[in-house]
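Written below as structure tokens is the structure these notes are about.
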Protein chains: 2
Amino acid sequence: MQDPAPQRDSYHHGNLPQVLVREGAKLLAERGMGQFSMREVARRAGVAVAAPSHHFGNAKGLLTAIAADGFARLAQRQAKAAAANPDPRDQVIAMCRAYIDLCVEEPGPALVMFRLELVDGSDPQFQDRAVHSFEQFSRAVAHASPPSADRSQIDQIAKTLWSMMHGLQVLRMITDDEAEGLIRFAVGALLAGPS
Amino acid sequence: MQDPAPQRDSYHHGNLPQVLVREGAKLLAERGMGQFSMREVARRAGVAVAAPSHHFGNAKGLLTAIAADGFARLAQRQAKAAAANPDPRDQVIAMCRAYIDLCVEEPGPALVMFRLELVDGSDPQFQDRAVHSFEQFSRAVAHASPPSADRSQIDQIAKTLWSMMHGLQVLRMITDDEAEGLIRFAVGALLAGPS
DNA sequence: TCTCTATCTGATCATTGCTCAGATCAAAAT
DNA sequence: ATTTTGATCTGAGCAATGATCAGATAGAGA
């Protein structure tokens, strides 16, 4: 919540990596991936164009850090959504909504989190955080599933919902209002299983 | 199916636009969107770097044409899938598979078809073909839905499946083998609706 | 105080998208 | 048959980008 403050107090920046991640996310939110550039991020951070490369290696490195940060925020939102709902099924629905909310409120990270060509999937921190957020969701699905459901079926439901959430957002097939109804319908149907 | 043949017979190319779309799709398939470049497409077509701009305006124009072509091919595959299956539910399942098959067998167009930032969504041909392929799918869902299902529910099922298909593919959450089972499960559950 | 090392600068290089004047050619008009 | 017209393509040029590298700077430890 609190800003780390130091924007530039001396030759050394203080915490350039954090600032670059933040400015990068802001730039993504403002202009989208098409207009994203390392140089512009450096400019906004008030630093030489080559500085970011020192910390992140290349553009993919910075985007990976932004995406990893996004997954951490998603996990936070998911946890909060789960905590606010006692009923297991409501938890799943709320966690789906948490992802949509993330996309709306923090569009920067959301634009790169699931773009496997843009990020370095082998980065440990990225991997950890991505896996963690999905497993958190998967556990909620397991909780909400009927006792008759086995491991593979739970896995199918989680993957279907996870994919659906992403697809809905990227294809822009629904407005924010419709989202609630569609999520409730899909969660209900998938948890119930085929007739 | 048949190649239009003329690769270069004179100063005028013959059918540069078609060749550019084809070479562009091939380049996308080989190197992905990250390494895609207008200049490389021009090079492969054996033409000056400025030639593509004359036909497509800019990079987005060419990508839009590639995507539009992809939607036409998808519609073809969907129609064939439907024709091969008498049972309505099997038709829906086969049409879902048709999309996955497209992504595997023609990865070039698939990489841009659903990327709204990369293409010009207002292009009439692109719009027509995209809408047509979705409506074809939507009609199949309507056919397979129980009589009790109303228009809005059918719409929800179609959108959910359409989004899921895209999400599954882009997130690479399933192997080709798992796809069949997962699709059958999702289609069955969604058509049945919440318990 | 001196040394060491991470951090950051400034410049360079190859590549890209886009633009524009002009060359080339096919087809219509005369 | 000749001219004109207009679409197609060329070649050069411009601004911007990602990446790299030697070197400047300063904080941290000896």
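Below, chain A is the first sequence line, B the second, and so on; all start at residue 1. Just so we're clear, the structure is a prediction, and the values are computed from it rather than from any experiment.
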With a 4.5 Å limit on heavy-atom distance, are the side chains of [X] and [Y] in contact?
{"X": "B:Arg77", "Y": "B:Glu106", "answer": "yes"}
{"X": "A:Pro52", "Y": "A:Val47", "answer": "yes"}
{"X": "A:Leu118", "Y": "A:Leu111", "answer": "no"}

> Is A:Asp90 paired with A:Arg97 through a side-chain N to carboxylate O contact shorter than 4.0 Å?
Replying inline: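 Looking at A:Arg97 and A:Asp90, the cut-off is not met.
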Nearest whole angstrom, please: distance from the [atom2] of [N] to the [atom1] of [X].
{"X": "B:Asn58", "N": "C:dT19", "atom1": "CG", "atom2": "P", "value": "7 Å"}
{"X": "B:Asn15", "N": "C:dA26", "atom1": "CG", "atom2": "P", "value": "15 Å"}
{"X": "A:His54", "N": "C:dC8", "atom1": "NE2", "atom2": "P", "value": "7 Å"}
{"X": "A:Gln35", "N": "C:dC18", "atom1": "CD", "atom2": "P", "value": "10 Å"}
{"X": "B:Phe56", "N": "D:dC9", "atom1": "CZ", "atom2": "C1'", "value": "14 Å"}
{"X": "B:Arg39", "N": "D:dT10", "atom1": "CZ", "atom2": "P", "value": "13 Å"}
{"X": "A:Arg31", "N": "D:dT17", "atom1": "CZ", "atom2": "P", "value": "9 Å"}
{"X": "B:Arg44", "N": "C:dT16", "atom1": "CZ", "atom2": "C1'", "value": "16 Å"}

>> Please classify the nucleic acid contact of B:Ala59 as base, sugar-phosphate, or nothing, using heavy-atom distances under 4.0 Å.
In response: sugar-phosphate
>> If I compare all heavy atoms of A:Tyr99 with all of A:Leu74, which pair ends up nearest, and what's the gap?
In response: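 Heavy atoms of A:Tyr99 and A:Leu74 come nearest at CA-CD1, 3.9 Å.
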Quick one: which of [options] gets closest to the side chain of [X]?
{"X": "B:Ala51", "options": "C:dT9, D:dT10, C:dC8", "value": "D:dT10"}
{"X": "A:His55", "options": "D:dC21, C:dT7, D:dT10", "value": "C:dT7"}
{"X": "B:Ala48", "options": "D:dC9, C:dT9, D:dT10", "value": "D:dT10"}

>> Please tell me if A:Ser37 has a side-chain N or O lying less than 4.0 Å from either OP1 or OP2 of D:dT17.
In response: yes
> Taking only N and O in the side chain of A:Arg43, is any of them less than 4.0 Å away from OP1 or OP2 of D:dA16?
Replying inline: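 Result: no.
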